[in-house]
Amino acid sequence: MKRIQISNIQKTVNNQPIIKSASFELFEGEICALIGPNGVGKTTLLKCLLGLVRPDQGSITIHDQLLSKSSRPKLLKEIGVVFPIPESLYSKTISELFSEHFHYLQIEKNESYHTLLQKLELDVATATKIGDLSLGMKQRLQLAMALSHHPSILILDEPFNGLDVDGINLIKKILTDLSKKGKCILIASHSLSELEDFVSSVVFMLNGETHEKKSLHDIMKKYQGGLREYYQMLKGAECKIEKEF
């Protein structure tokens with residue numbers, strides 16, 4: 001079942017084309033890695049998916065429903081997000097952050113998030129302020145929030161930042177288990193070595209454009225150096241084309 005369809009998304013900011021052309025589809029049970037160098041438009045594309053940024057052209061369909069100003073509140077309930085927590089929220093406690101999260105989604109607050117915090121091995125009091133957490137703890141907290149309303153889609157921006165080996169392995173196991181239950185997961189990450197053992201597909205983005213989505217299995221079979229070699233090959237090919245013109 002198709003969860004997300006991104007069709008010819010384009011976005012210009014301050015007369016600078018950030019996204020020139022982005023198109024791909026994501027399906028139930030898929031874990032897709034969105035990779036590419038810094039500044040190629042990955043985070044902007046994720047923000048378009050969340051309705052935080054409005055594309056200049058193109059469309060985004062979630063669960064066969066066009067993402068728009070009117071449909072966004074309903075569709076956001078189907079999406080869990082891991083983005084860096086703004087410093088403006090550092091004075092909030094964990095409990096207050098969850099209260100605001102449920103209020104924002106217009107969902108009645110439930111206490112099941114305590115179980116998620118335990119599952120993610122975030123063993124701190126819910127009265128703890130966000131600013132007192134380490135980066136790795138904030139990442140675990142963000143994933144707990146992303147899962148707290150039982151979404152069918154997860155959008156994760158650099159979810160491994162600040163995590164130790166045990167934390168990374170725990171997050172990967174949780175995400176793998178979720179994909180087996182039909183969750184659709186999109187991960188933007190530079191940690192290529194951490195992606196190779198659990199994602200199912202890859203979308204490479206460079207200079208504001210997405211390349212055709214590839215199966216990780218096919219990449220690993222074709223390139224001896226795995227995902228890193230695939231990444232360097234596409235990056236190098238693009239640079240060669242630019243020089244010729």
Side-chain angles (χ1 to χ4, degrees), residues 1-6 9 22-36 41-52 60-65 67 75-85 101 105 113 116 119-121 136 138-163 167-205 210-220 226-227 230-231:
M1 179 185 296
K2 188 186 300 181
R3 296 291 195 192
I4 297 174
Q5 181 168 339
I6 298 170
I9 292 296
S23 299
F24 57 94
E25 299 175 342
L26 299 176
F27 296 85
E28 179 180 316
E30 183 174 2
I31 305 179
C32 180
L34 179 62
I35 64 173
K42 299 190 300 296
T43 298
T44 301
L45 181 57
L46 296 186
K47 289 181 177 179
C48 288
L49 267 171
L50 298 170
L52 297 172
I60 295 172
T61 302
I62 299 172
H63 288 240
D64 294 325
Q65 188 169 354
L67 177 63
L75 292 177
L76 280 183
K77 296 177 183 180
E78 293 293 332
I79 302 174
V81 183
V82 172
F83 262 27
I85 300 176
H101 173 70
L105 293 177
Y113 69 86
L116 284 170
K119 184 177 182 180
L120 286 159
E121 299 179 2
K138 291 187 183 79
Q139 292 292 78
R140 294 172 191 250
L141 173 61
Q142 280 285 82
L143 185 55
M145 288 181 60
L147 298 176
S148 64
H149 54 286
H150 309 292
S152 59
I153 297 168
L154 289 173
I155 296 177
L156 317 176
D157 191 15
E158 299 294 351
F160 305 125
N161 277 356
L163 292 173
I168 291 172
N169 289 335
L170 175 63
I171 298 301
K172 290 198 288 188
K173 182 181 184 308
I174 289 173
L175 295 178
T176 299
D177 290 344
L178 289 170
S179 73
K180 292 177 181 177
K181 296 178 181 178
K183 306 292 186 182
C184 172
I185 303 169
L186 178 62
I187 303 174
S189 177
H190 292 101
S191 303
L192 301 183
S193 60
E194 303 298 350
L195 300 171
E196 287 184 335
D197 62 348
F198 83 108
V199 305
S200 52
S201 58
V202 177
V203 172
F204 183 81
M205 191 169 187
T210 56
H211 287 245
E212 181 185 359
K213 186 175 70 173
K214 297 289 186 180
S215 159
L216 179 69
H217 177 268
D218 291 344
I219 292 173
M220 300 300 288
L227 197 51
Y230 173 72
Y231 177 102

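Note that the structure is a prediction, hence the values are computed from the model and not measured.
Between the CZ atom of F24 and the CD1 atom of I9 there is a distance of 9.5 Å, given to the nearest 0.5 Å. Of the inter-residue distances, the one linking L178 atom CG with C184 atom SG reads 11.5 Å to the nearest 0.5 angstrom. Atom-to-atom distance recorded for D64:CG and I62:CD1 is 11.0 Å, nearest 0.5 angstrom. Taking CG of L67 as the start and CD1 of I60 as the end, the distance is 5.5 Å to the nearest 0.5 Å. Between atom CD1 of residue I35 and atom OG1 of residue T210 there is a gap of 12.5 Å, rounded to the nearest 0.5 Å. Atom CE of M220 sits about 9.0 Å away from atom CG of D197, to the nearest 0.5 Å.
Residues satisfying the ring-ring contact (aromatic ring centres under 6.0 Å, His included) criterion with F83, sequence neighbours excluded, are absent altogether. D177 meets the side chain to side chain donor-acceptor pair (under 3.5 Å) test with K173; sequence neighbours excluded. Y113 is linked by a ring-ring contact (aromatic ring centres under 6.0 Å, His included) to F98, counting only residues two or more places apart in sequence or in another chain. Evaluation of the salt bridge (charged side-chain N to carboxylate O under 4.0 Å, His left out) rule for K119 yields no partner, not counting sequence neighbours. Contacts of E194 classified as salt bridge (charged side-chain N to carboxylate O under 4.0 Å, His left out), with partners at least two apart in sequence or in another chain: K172. Remark: Q5 engages K2, S7 in a side chain to side chain donor-acceptor pair (under 3.5 Å) (not counting sequence neighbours). Every residue two or more places apart in sequence or in another chain was checked for a salt bridge (charged side-chain N to carboxylate O under 4.0 Å, His left out) with E196, and none qualifies. Applying the side chain to side chain contact (heavy atoms under 4.5 Å, CB included) rule to L170 yields the partners E121, R140, I174; only residues at least two apart in sequence or on another chain are considered. Remark: S200 engages E30, I31 in a side chain to side chain contact (heavy atoms under 4.5 Å, CB included) (not counting sequence neighbours). Qualifying side chain to side chain donor-acceptor pair (under 3.5 Å) partners for D218, counting only residues two or more places apart in sequence or in other chains: none.
Closest approach of I219 to G226, counting heavy atoms only: CG2-O, 4.1 Å. Heavy-atom minimum distance, G182 versus E28: O-CG, 3.1 Å. Of all heavy-atom pairs between C32 and V203, the closest is SG-CG2, 3.7 Å.
The shortest side-chain heavy-atom distance between L227 and V202 falls under the 4.5 Å cut-off. Between L143 and P159, the closest side-chain pair of non-hydrogen atoms is not below 4.5 Å. By the 4.5 Å heavy-atom criterion applied to side chains, F198 and I171 are not counted as neighbours. Side-chain contact between L175 and I187: present, with at least one pair of heavy atoms (C-beta onward) separated by less than 4.5 Å.
A donor-acceptor pair is defined here as one N or O able to donate and one able to accept, closer than 3.5 Å; such a pair exists between the side chain of Q139 and the backbone of E158.
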Table please: side-chain donor-acceptor pairs of residues 42-50 below 3.5 Å, with sequence neighbours left out.
residue : atom : partner : partner atom : Å
K42     : NZ   : G36     : O            : 2.9
K42     : NZ   : P37     : O            : 2.9

Can you give each donor-acceptor pair under 3.5 Å made by side-chain atoms of residues 144-154, sequence neighbours left out, with the distance rounded to 0.1 Å?
residue : atom : partner : partner atom : Å
S148    : OG   : H101    : NE2          : 3.3
S148    : OG   : M145    : O            : 2.8
H149    : ND1  : H101    : NE2          : 3.2
H149    : NE2  : I79     : O            : 2.8
S152    : OG   : H63     : NE2          : 2.8
S152    : OG   : E78     : OE1          : 2.8

Show the numbers, then the answer: is there a side-chain contact (heavy atoms from CB on, under 4.5 Å) between L216 and Y230?
CA-CA 10 Å; L216 179 69; Y230 173 72; over 6 Å; no
